Amino acid sequence: MNPQKKKIFTRFVVVIILMLIYIWAFAGLPTIEVKDTSSQIVRAIFEGLFSPDWDYVYDPGGEGLLDKLLETLAIAILGTFIAAVFCIPLAFLAARNIVKSRVISQFGKFVLSFIRVFPDIIFALIFIKAVGPGSFSGVLALGIGSIGMLGKLFSDDVESVNLSTTEALIATGANPIKTLWFAVVPQILPSYLNFVMYRFEVNIRAASILGIIGAGGIGTPLIFALQVRDWERVGIILLGIIIMITLVDFISGKIRAKLV
């Protein structure tokens, strides 16, 4: 068999195997049953989304849409701030070019990897049990959960730093802290701020979801509205989330463009 025919035959066998795998996978799916009321429910959802409850936008009692969106924004800001502060020592600890001991740097990388294993919603459930439901548990969940990813990105950036300037400062008698401050920090500061802004965008979305399990923010009224099938309320909440995230992404993108 010449190479061309062998190549065609190989592709044919691969396609057949993939088709058999897909047939086997879909054959095990349960039968999908469509309820008689499904069309009515879908129609009610779309009618609610396109005719939102505008009266919910502002509530003098502090339970309106604007108040909950501001609470969500505050949770994301505080959570990002906590992660931005505590990721710094772990990032430097995990950077091989800063910490000469391989054991210590590997330990730092392990800690960052261990934190990244747990989704934000798991941290939220843990802190809800520890401190009770509300915004504080959401802040702690986002703060601790974001340390792993921010620290990993920051650590990789630190490892790519050019350390030739540090050698010049050490030769002039500068101590390690001054060497780090004047030689390393100016190189990594723009990237660090860029990572923090990116993580803030992610945390805005996460804060909107964590309220569904009781961690404060706009997710709490959203799950209540879904439970009672108040589709007009669901529509205005989703509209508010879309506008908030769009504005945050736009502003954050402008800031990051100036940092790069």
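Just so it is clear, the values below take in all heavy atoms, side chains as well, and ignore hydrogens, waters and symmetry mates. Every value quoted in this text rests on a predicted model; they were computed, and no experiment measured them.
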A.B. asks: Looking only at atom types and distance, does a side-chain atom of E232 sit under 3.5 Å from a main-chain N or O of P52, one as donor and one as acceptor?
C.D. replies: no
A.B. asks: Out of curiosity, K109 NZ to K152 NZ, how far, rounded to the nearest 0.5 Å?
C.D. replies: 6.5 Å
A.B. asks: For L226 versus W231, what's the shortest heavy-atom pair and its separation?
C.D. replies: CD2-CZ3, 3.7 Å
A.B. asks: At their closest point, which heavy atom of A215 faces which heavy atom of A124, and how far apart are they?
C.D. replies: CB-CB, 4.3 Å
A.B. asks: Looking at F92 versus F154, is the centre-to-centre ring distance below 6.0 Å?
C.D. replies: yes
A.B. asks: Is there a side-chain contact (heavy atoms from CB on, under 4.5 Å) between F118 and L125? Walk through the geometry before answering.
C.D. replies: CA-CA 11 Å; F118 300 96; L125 290 171; over 6 Å; no
A.B. asks: Measuring from K254:NZ to D249:CG, what's the distance to the nearest 0.5 Å?
C.D. replies: 13.0 Å
A.B. asks: In the structure I gave you, are the side-chain heavy atoms of L73 and V248 within less than 4.5 Å of one another anywhere?
C.D. replies: yes
A.B. asks: For residues V234 and D230, determine if any side-chain heavy atom of one lies less than 4.5 Å from a side-chain heavy atom of the other.
C.D. replies: no
A.B. asks: Would you call R205 and D120 a salt bridge, taking side-chain N to carboxylate O under 4.0 Å as the test?
C.D. replies: no
A.B. asks: Less than 4.5 Å apart, side chain to side chain, heavy atoms only: is that true for P221 and R233?
C.D. replies: no
A.B. asks: What distance separates S135 OG from K68 NZ, expressed to the nearest 0.5 Å?
C.D. replies: 7.0 Å
A.B. asks: Show the nearest heavy-atom pair for residues A141 and L210, with the distance to one decimal.
C.D. replies: CB-CD1, 4.3 Å
A.B. asks: Please examine the side chains of L93 and F107, heavy atoms only from C-beta on, and report whether any two atoms are closer than 4.5 Å.
C.D. replies: yes
A.B. asks: side-chain contact (heavy atoms from CB on, under 4.5 Å) between L65 and I218: does it pass, once the steps are laid out?
C.D. replies: CA-CA 8 Å; L65 176 66; I218 194 64; 3.6 Å; yes
A.B. asks: Check L112 against I147 and note the closest heavy-atom contact, atom names and distance.
C.D. replies: CD2-O, 3.9 Å
A.B. asks: Could you report the tightest heavy-atom contact between I75 and A207, atom names first, then the distance?
C.D. replies: CG2-CB, 4.1 Å
A.B. asks: Looking at N203, I77, I82, which one forms a side-chain contact (heavy atoms from CB on, under 4.5 Å) with V139?
C.D. replies: I82
A.B. asks: Please examine the side chains of I237 and D53, heavy atoms only from C-beta on, and report whether any two atoms are closer than 4.5 Å.
C.D. replies: no
A.B. asks: Does I212 reach the side chain of T220, with side-chain heavy atoms less than 4.5 Å apart?
C.D. replies: no
A.B. asks: With a 4.5 Å cut-off on side-chain heavy atoms, are F127 and I144 touching?
C.D. replies: yes
A.B. asks: How long is the straight-line distance from CZ of F86 back to CG of L150, given to the nearest 0.5 Å?
C.D. replies: 13.0 Å
A.B. asks: Minimum heavy-atom separation for S137 and I128, please, with both atom names.
C.D. replies: OG-CG1, 3.6 Å
A.B. asks: Going by atom types only, do S146 and R199 share a side-chain donor-acceptor pair under 3.5 Å?
C.D. replies: yes
A.B. asks: Is there a side-chain contact between M197 and S252 (heavy atoms, below 4.5 Å)?
C.D. replies: yes
